[in-house]
Amino acid sequence: AFTSSTTSTWDGFVIENGRLTTDQYGAGVYLRQYGTVKNSIIRNDTIMSNIGNAYGGGVYMNYGTLENCEVYGNMARYNGTSGYYAYGGGVSANYGTIVGCHIHNNQTQGYNSSNYARGGGVYAHNLVNVSGCTITNNYAYNGQGGGIYANGNNNSNRANISDCLIEKNRSGNGAGI
């Protein structure tokens with residue numbers, strides 16, 4: 001599913017089994033320019049890039065909103081031979097809002113099994129608000145941020161995480177956040 005409209009809303013969908021094999025964004029959902037997905041299930045989607053970074057196995061969003069969704073069984077993986085990253089097995093967000101979601105059993109795998117996997121559950125880049133979510137059993141394979149990897153440059157561009165349950169995630173560094 002792809003949207004680039006500021007008014008697009010996807011409500012009540014099951015989005016599953018998406019596959020991408022290049023430097024891509026969102027094997028299940030790609031939200032661009034403030035789109036919204038709510039009350040939906042995003043599952044079993046995979047990016048297996050061999051030529052560049054992989055962003056959001058389940059969902060990639062740029063200024064989007066993910067609301068009351070279940071995101072599980074997704075993977076972002078870099079399969080190549082040079083130093084590229086896998087960002088957000090479940091969700092990779094560049095600005096945006098994630099609210100009331102259950103994000104579980106997702107994973108990232110990066111180049112050469114060494115810190116190139118970021119955010120097994122969620123990769124939050126710049127200003128991302130995460131609230132009221134359950135983020136469990138995600139895995140950044142030998143990477144960072146099993147549950148959430150928060151990447152912000154300064155106080156105005158940071159992840160805001162509130163009222164979330166973050167547990168039983170795994171990674172090489174920062175199993176929870």
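Keep in mind that this is a model prediction, so the values were computed, not measured. Side chains included, hydrogens not; waters and symmetry mates left out as well; all remaining heavy atoms used.
- Each of Ile15 and Ile41 belongs to its own hydrophobic cluster when Ile, Leu, Val, Met, Phe, Trp and Tyr are linked at side-chain heavy-atom distances under 4.5 angstrom.
- Side-chain N or O atoms of Asn68 include none that pairs as donor or acceptor with a backbone N or O of Lys38 at under 3.5 Å.
- When all heavy atoms of Gln24 and Leu20 are compared, the pair lying nearest together is CB-CD1, 3.4 Å.
- Contact annotation: the side chain of Ile161 approaches that of Ile166 to within less than 4.5 Å [non-hydrogen atoms, C-beta and beyond].
- Taking the side chain as every heavy atom from C-beta outward, Glu67 and Val37 never approach each other to under 4.5 Å.
- One finds the CG atom of Asn169 at 9.5 Å from the CD1 atom of Ile177 (value rounded to the nearest 0.5 Å).
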Practice task
Determine, stepwise, if the pair His104 / Lys168 fulfils side chain to side chain contact (heavy atoms under 4.5 Å, CB included).
Solution key: CA-CA 10 Å; His104 62 98; Lys168 299 180 183 174; over 6 Å; no
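- Taking all atoms of both residues into account, the shortest heavy-atom contact from Gly88 to Ala76 is O-CB, 3.9 Å.
- Between Val91 and Ile103 the shortest side-chain heavy-atom distance falls below 4.5 Å.
- Side-chain atoms of Arg118 and Tyr85, non-hydrogen and from C-beta on, do get closer than 4.5 Å to each other.
- Side-chain atoms of Asn39 do not come within 3.5 Å of backbone N or O of Gly12 as any donor-acceptor pair.
- Side-chain atoms of Met75 and Asp45, non-hydrogen and from C-beta on, never get closer than 4.5 Å to each other.
- Here the OG atom belonging to Ser171 is positioned 9.0 Å from the CG atom belonging to Asn142, to the nearest 0.5 angstrom.
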Practice task
Show your working on side chain to side chain contact (heavy atoms under 4.5 Å, CB included) between Thr36 and Leu31 and close with a plain yes or no.
Solution key: CA-CA 7 Å; Thr36 298; Leu31 289 175; over 6 Å; no
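- Two residues are said to be in side-chain contact when any heavy atoms from C-beta on lie closer than 4.5 Å; Asn137 and Glu167 fail this criterion.
- Of all heavy-atom pairs between Arg43 and Val14, the closest is NH2-CG1, 3.7 Å.
- Considering all non-hydrogen atoms of both residues, Gly132 and Cys164 come closest at N-SG, 3.8 Å.
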Problem - Trace of the side chain to side chain contact (heavy atoms under 4.5 Å, CB included) decision for Asn53 with Tyr78 - result: CA-CA 7 Å; Asn53 293 326; Tyr78 174 70; over 6 Å; no
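- With values rounded to the nearest 0.5 angstrom, Gln144 atom CD is found 5.5 Å from Asn173 atom CG.
- Distance CE/Met48 to CZ/Arg19: 9.0 Å, rounded to 0.5 Å.
- Expressed to the nearest 0.5 Å, how far CG of Asn106 lies from OH of Tyr72 amounts to 10.5 Å.
- Tested against Tyr60 for a ring pair (Phe, Tyr, Trp, His ring centres under 6.0 Å), the candidates Tyr87, Tyr25, Tyr123, Tyr95 yield a single pass: Tyr25.
- Between Asn74 and Gly57, the closest heavy-atom pair is CB-C, 3.9 Å.
- Paired with Val130 under the rule side-chain contact (heavy atoms from CB on, under 4.5 Å), one option of Ile135, Val99, Leu66, Thr97 passes, and it is Ile135.
- Of all heavy-atom pairs between Ala140 and Gly119, the closest is CB-N, 4.4 Å.
- In this structure, Asn138 contributes its side chain and Gln107 its backbone to no donor-acceptor pair below 3.5 Å.
- To the nearest 0.5 Å, the span separating CD on Gln33 from OG on Ser8 amounts to 11.0 Å.
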Handout entry: Criterion side chain to side chain contact (heavy atoms under 4.5 Å, CB included) on Val128 and Asn160, from CA distance to verdict
Key = CA-CA 6 Å; Val128 177; Asn160 296 307; over 6 Å; no
